[in-house]
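Okay, so here's the structure we're looking at.
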Amino acid sequence: MIDVKGITKSFGSLQVLKGIDLHIDKGEVVSIVGPSGAGKTTLLQIIGTLDRPDEGSIFVDSIDITTLSQRALSDFRNRHLGFVFQFHQLLPEFTAIENIMIPAFIGGTPRAKAEARAKELLQFMGLTDRAGHKPAELSGGEKQRIAVARALVNNPAVILADEPSGSLDTHNKQELHQLFFDLRERFGQTFVIVTHDEQLATLTDRTIHMRDGLLETPTQPTPPTQPTPPTNPTQPTIP
């Protein structure tokens with residue numbers, strides 16, 4: 001599903017990514033963790049076509065996105081990728097259902113089809129009664145679920161989430177974490193989640209650790225040392 005090969009990225013003299021190789025299977029829910037400045041968000045943005053690497057290649061659904069033009073990248077992003085951000089990024093002048101439909105309109109989906117899909121997602125999120133409310137009238141948990149529905153409206157293959165539960169209280173965090181797995185079960189998407197939330201990281205199928213622009217190799221348990229037999233073993237003395 002996602003193959004990252006030899007990705008590097010620098011901003012001026014600061015090298016943020018120092019050669020990343022990563023494979024993520026279709027349908028995996030993967031978390032990326034590490035200290036601030038490790039390069040997690042930069043890696044997510046590059047996978048999400050929001051930035052380009054200096055070197056390396058990225059295949060998403062067998063397409064090398066590093067070779068695409070800006071126009072082709074925009075089309076690929078709209079059709080194949082969904083984004084969830086920490087602070088929702090909902091447009092305040094639009095209702096919940098209108099916010100969900102925006103990516104569908106950008107992709108040229110007819111209004112009737114986009115509205116039907118948005119209503120399906122609102123029902124799945126348990127937010128049908130909030131369809132006509134604007135973001136200021138929604139709770140933090142409701143806004144984030146609307147943001148997730150917006151990410152799903154074009155039925156993308158991959159959902160990329162950057163600290164999606166970072167602004168939520170404990171109850172809403174737990175609901176959002178469970179939602180990712182419910183969505184994977186229902187729609188089959190692959191989820192790549194950058195997070196500092198240890199609870200979320202432990203729930204995901206796999207946790208990828210980053211530090212100083214590199215992936216940390218998990219420490220493998222050392223097998224127990226076997227005793228070396230003597231060169232000329234003697235028969236034991238039987239009392």
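Atoms CZ and OG1, on Arg77 and Thr49 in that order, are 3.5 Å from each other to the nearest 0.5 Å. Note that the CZ atom of Phe124 and the CG atom of Leu121 stand 8.5 Å from one another [nearest 0.5 Å].
The residues Glu120 and Arg186 are annotated as salt-bridged, a charged nitrogen and a carboxylate oxygen being separated by less than 4.0 angstrom. Here Lys18 does not pair with Asp212 in a salt bridge; the nearest charged N to carboxylate O distance is not below 4.0 Å. Between Asp205 and Arg184, at least one side-chain nitrogen of the basic residue sits less than 4.0 Å from a carboxylate oxygen of the acidic one, meeting the salt-bridge criterion. Ionic pairing of Arg206 and Glu28 is present here: one or more N-O contacts between side-chain nitrogen and carboxylate oxygen are shorter than 4.0 angstrom. Using a 4.0 Å cut-off between charged nitrogen and carboxylate oxygen, Arg79 and Asp75 count as a salt-bridge pair.
Val158 and Leu183 end up in different hydrophobic clusters when Ile, Leu, Val, Met, Phe, Trp and Tyr side chains are linked at under 4.5 Å.
Judged by distance alone, the side chain of Ser10 and the main-chain N or O of Ser13 form no donor-acceptor pair under 3.5 Å. A distance-only check finds a donor-acceptor pair linking the side chain of Lys40 to the backbone of Gly34 [under 3.5 Å]. Although no hydrogens or angles enter the test, the distance criterion places no donor-acceptor pair under 3.5 Å between the side chain of Asp51 and the main chain of Ile46. Of the possible donor and acceptor atoms, none in the side chain of Gln15 sits under 3.5 Å from a partner among the backbone N and O of Lys9.
Applying the 6.0 Å contact sphere to CD of Gln123 captures no more than 12 heavy atoms from other residues, nucleotides or ligands. Surrounding CD of Glu198 are at most 12 heavy atoms belonging to other residues, nucleotides or ligands under 6.0 Å away. Around atom CD of Glu93, more than 12 heavy atoms belonging to other residues, nucleotides or ligands sit under 6.0 Å away. The number of heavy atoms from other shown groups lying within 6.0 Å of CZ (Arg211) does not exceed 12.
The two residues Thr42 and Val16 come nearest to each other via the heavy atoms OG1-CG1, 3.6 Å. The heavy-atom pair separating Leu90 from Lys143 by the smallest distance is CD1-O, 3.7 Å.
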Start with the C-alpha distance between Val33 and Met210, add both sets of side-chain angles, then the distance that settles side-chain contact (heavy atoms from CB on, under 4.5 Å), and finish with yes or no.
CA-CA 6 Å; Val33 302; Met210 287 191 70; over 6 Å; no
Intermediate values then yes/no, side-chain contact (heavy atoms from CB on, under 4.5 Å), Phe76 and Leu81:
CA-CA 7 Å; Phe76 179 89; Leu81 304 174; 4.1 Å; yes
Could you walk me through whether Ser31 and Thr207 pass side chain to side chain donor-acceptor pair (under 3.5 Å), step by step?
CA-CA 5 Å; Ser31 56; Thr207 302; 3.2 Å; yes
Step by step, work out the side-chain contact (heavy atoms from CB on, under 4.5 Å) result for Leu44 and Phe83.
CA-CA 10 Å; Leu44 196 75; Phe83 297 88; over 6 Å; no
Ile32 vs Ile193, test: side-chain contact (heavy atoms from CB on, under 4.5 Å). Steps then yes/no.
CA-CA 6 Å; Ile32 302 177; Ile193 306 166; over 6 Å; no
Apply the test side chain to side chain donor-acceptor pair (under 3.5 Å) to residues Asp162 and Gln45: give CA-CA distance (whole Å), side-chain angles for both, the deciding distance (0.1 Å), then the verdict.
CA-CA 9 Å; Asp162 192 2; Gln45 290 175 339; 5.5 Å; no
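A cation-pi arrangement is absent between Arg145 and Phe180 under the rule of less than 6.0 angstrom and at most 45 degrees off the ring axis.
Taking the six-membered ring wherever Trp is involved, the centroid distance between the rings of Phe191 and Phe181 does not fall below 6.0 Å.
Just one of Gln199, Gln174, His177, His196 meets the side chain to side chain donor-acceptor pair (under 3.5 Å) condition when paired with Ser165; it is His177. Here the rule is side-chain contact (heavy atoms from CB on, under 4.5 Å) with Ile159, and of Val29, Leu152, Thr190 only Leu152 fits it. Considering Ile7, Thr66, Asp3, Val4 as possible partners of Ser57, the one that fulfils the side-chain contact (heavy atoms from CB on, under 4.5 Å) test is Thr66. Exactly one of Ile65, Asn155, Asp61 qualifies for a side-chain contact (heavy atoms from CB on, under 4.5 Å) with His80. That residue is Asp61.
Side-chain contact check for Asp197 and Thr195: no donor-acceptor pair (N or O, by modelled atom type) lies under 3.5 Å.
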